[in-house]
Amino acid sequence: MSDNPEKFLKQANLIAGEWVAADSGETIDVNNPATGDIIGTIPNSGREETRRAIEAAQESFESFRKTSVLERAQLLRKMHELILENQETLAQLLSMEQGKPLAESRGEVGMSAAYVLWYAEEARRTYGDVVPSPWADRRILVTKEPLGVVAAITPWNFPSSMLARKIAPAIAAGCTVVAKPATQTPYSGIAWGMIAQMAGVPAGVVNVVTGSASQIGGELTKNPLVRKITFTGSTEVGKLLIKQSAATVKKVSMELGGNAPFIIFDDADIERAVAGAMAAKYRNSGQTCVCTNRFLAQSKIYNKFVERLAEESDKLVVGNGREEGTQQGPLIDEKAVESVESMIEDAVKNGGKIVAGGKRHELGGTFFQPTVIANAKPKMRFTREEIFGPIAPVYRFKTEEEAIELANNTEFGLASYFYTQDLGRVFRVMEGLKYGLIGVNEGIITTVEAPFGGLKESGLGKEGGHQGIEDYLDTKYVCIGGLGL
Ligand code: ADP
């Protein structure tokens, strides 16, 4: 099996089963963030191409909704098999366009395959109800049916698995999809179109459009044929999409920003906490919505935790993600580096102490040193803003109540983590945290079997778990009367 990523480097859009260019013929360059090299182009599509993709999805929906659940489960099983057969190729492609280390890319593609298999299984469990009727001569049925055309918009940080969570439950439910991957990392998204075709998914069930976010997003939200918008990305764009979807009252699922706290209590197993901290901070160079934004360490363990975190951060191997052994790749672009730099500057100005990293990496480009900042204070910007980079600020707290209050003092509510060995505290803190995801003595917790989703301004709806397919189904109540019983 060749692992040359060219195999999946498709520089076209998939509309109604055809690989096509933008109507205008215009393209956008895609670069490798580790080298700056242009790796290919993608169509710069807009409103018109999106409208055609939606119409193709609607036409395919008329027949796809009638397929049996077993047929759809089999299509997903075939897709699962194809992803695993091509795992290395897809991982190389992912690292090439996104920059993350190969080990992480292999993990992400494996996770994509796992979502597909999970929804092949869940497809068969979308039960309805037969409800006891208050009328002697009527019967009550509650049925679940595919809701129709789904628009899926995804970000650049997990270009493969974020679409897996959307395309797999959509197909399982019998819906059809128009996907818009992020412009920085489009090929892993376009690859979903190839995988679907290779697996024999009917034309028009999966469509992929790349190009102008505002034009494509504008059409996806405005067009009445689209019944659901599922989005992963920034809170700002998520709010805009909810607003735009209001006119046609679409169902919306939103996976938005986070501001994850990671609390280390005095009684924590410190080595376990440091290992969890490294994973929960530096995965994908800190560019994930569940990455720790704020470390909160209790007074007695504070100094030791800072010291160990700094030591481990200094050891991380920074480099091109496609070179074996790399543990941290580049940031996605120059803007991301500037944002990280300005947050560090703000922290230092306000009394923060850099105890590891702090600067651009000697490799140049968009590489950045893993950075630990001690003496973090509430007035520093990263208390409120999502960092999306390799900065680990460590705040100090005294009591459990103070830790919960600090942790919840944000409009976000996606991931949170805490380390303690006290069972009573586990329950008190778990129940006190206003977060959709909570890791207790664990720093990486995402898995297909569990519902992923934020509270407060971090989002709406769940992905994964048995809950993840509900958003793709309409619930209908049917009252059958005149039964003469
Ligand atoms: P990030 O900061 O992670 O890039 P964004 O929210 O900007 O997050 O992007 C996530 C996805 O949303 C990308 O596919 C991007 O192209 C898309 N996007 C950005 N702006 C809009 C918009 N106005 N309408 C629809 N999609 C958009």
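Every number for a ligand or one of its atoms is a count from 1 in the order of the listing. Only a predicted model underlies this, so the values are computations on that prediction, with no experimental measurement involved.
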Ligand 1 and Thr183, any nitrogen or oxygen pair closer than 3.5 angstrom? no

Evaluate salt bridge (Lys or Arg N to Asp or Glu O under 4.0 Å) for Arg51 paired with Glu55, printing each intermediate quantity in order. CA-CA 6 Å; Arg51 192 180 55 74; Glu55 284 166 5; 2.9 Å; yes

Looking only at protein heavy atoms, what sits closest to atom 12 (O) of ligand 1 is Phe231 CE1, 3.2 Å

Say whether Ser214, considering both its backbone and side-chain N or O atoms, lies within less than 3.5 Å of an N or O atom on ligand 1. no

For atom 16 (O) of ligand 1, closest protein heavy-atom neighbour: Lys180 NZ, 2.9 Å

For atom 9 (O) of ligand 1, state whether the nearest protein heavy atom is under 4.0 Å away. no

Should Phe388 be listed as contacting ligand 1, given a heavy-atom distance under 4.0 Å as the test? no

Heavy-atom gap Ile153 to ligand 1 smaller than 4.0 Å: yes

State whether a side-chain donor-acceptor pair under 3.5 Å links Asn259 with Asn293. yes

Report the residue from Val205, Val116, Val201 that forms a side-chain contact (heavy atoms from CB on, under 4.5 Å) with Leu75. Val201

Starting from atom 5 (P) of ligand 1, find the nearest protein heavy-atom neighbour and note its residue, name and distance. Ser234 OG, 3.6 Å

Tell me whether Glu49 is salt-bridged to Arg52, with the criterion being a basic N under 4.0 Å from an acidic carboxylate O. no

Can you classify the ring geometry of Phe295 versus Phe262 as parallel (below 30°), tilted (30 to 60°) or perpendicular (above 60°)? tilted

Please determine whether salt bridge (Lys or Arg N to Asp or Glu O under 4.0 Å) holds for the pair Glu341 and Lys359, giving the CA-CA distance in whole Å, both sets of side-chain angles, and the decisive distance to 0.1 Å. CA-CA 7 Å; Glu341 279 182 326; Lys359 297 197 290 287; over 6 Å; no

Counting heavy atoms only, which of Leu220, Thr235, Thr185, Val237 is nearest atom 7 (O) of ligand 1? Val237

Could you tell me whether Lys335 and Glu338 have a side-chain N and a carboxylate O separated by less than 4.0 Å? no

I need the atoms of ligand 1 closer than 4.0 Å to a non-hydrogen atom of Leu240, numbered in the order shown. 23 (N)

Checking a contact table here: which protein heavy atom is nearest atom 4 (O) of ligand 1, and how many Å away? Trp156 NE1, 3.0 Å

Before you tell me yes or no, could you show the steps for Trp156 and Phe388 under ring pair (Phe, Tyr, Trp, His ring centres under 6.0 Å), namely the whole-Å CA-CA distance, both residues' side-chain angles and the distance that decides it to 0.1 Å? CA-CA 12 Å; Trp156 49 262; Phe388 243 64; 5.7 Å; yes

Are Glu236 and Lys239 ion-paired here, with the side-chain N under 4.0 Å from a carboxylate O? no

Based purely on interatomic distance, does Thr154 place a nitrogen or oxygen under 3.5 Å from a nitrogen or oxygen of ligand 1? yes

Considering only non-hydrogen protein atoms, determine which one is nearest to atom 24 (N) of ligand 1 and report residue, atom name and distance to 0.1 Å. Ala213 O, 3.3 Å

Verdict with reasoning, Arg106 to Glu88, per salt bridge (Lys or Arg N to Asp or Glu O under 4.0 Å): CA-CA 7 Å; Arg106 291 180 185 123; Glu88 186 58 26; 2.7 Å; yes

Any atoms of ligand 1 less than 4.0 Å from a non-hydrogen atom of Leu241? List them with their elements. 24 (N), 25 (C)

Near Gly217, which atoms of ligand 1 are under 4.0 Å from a heavy atom of that residue? 24 (N), 25 (C)

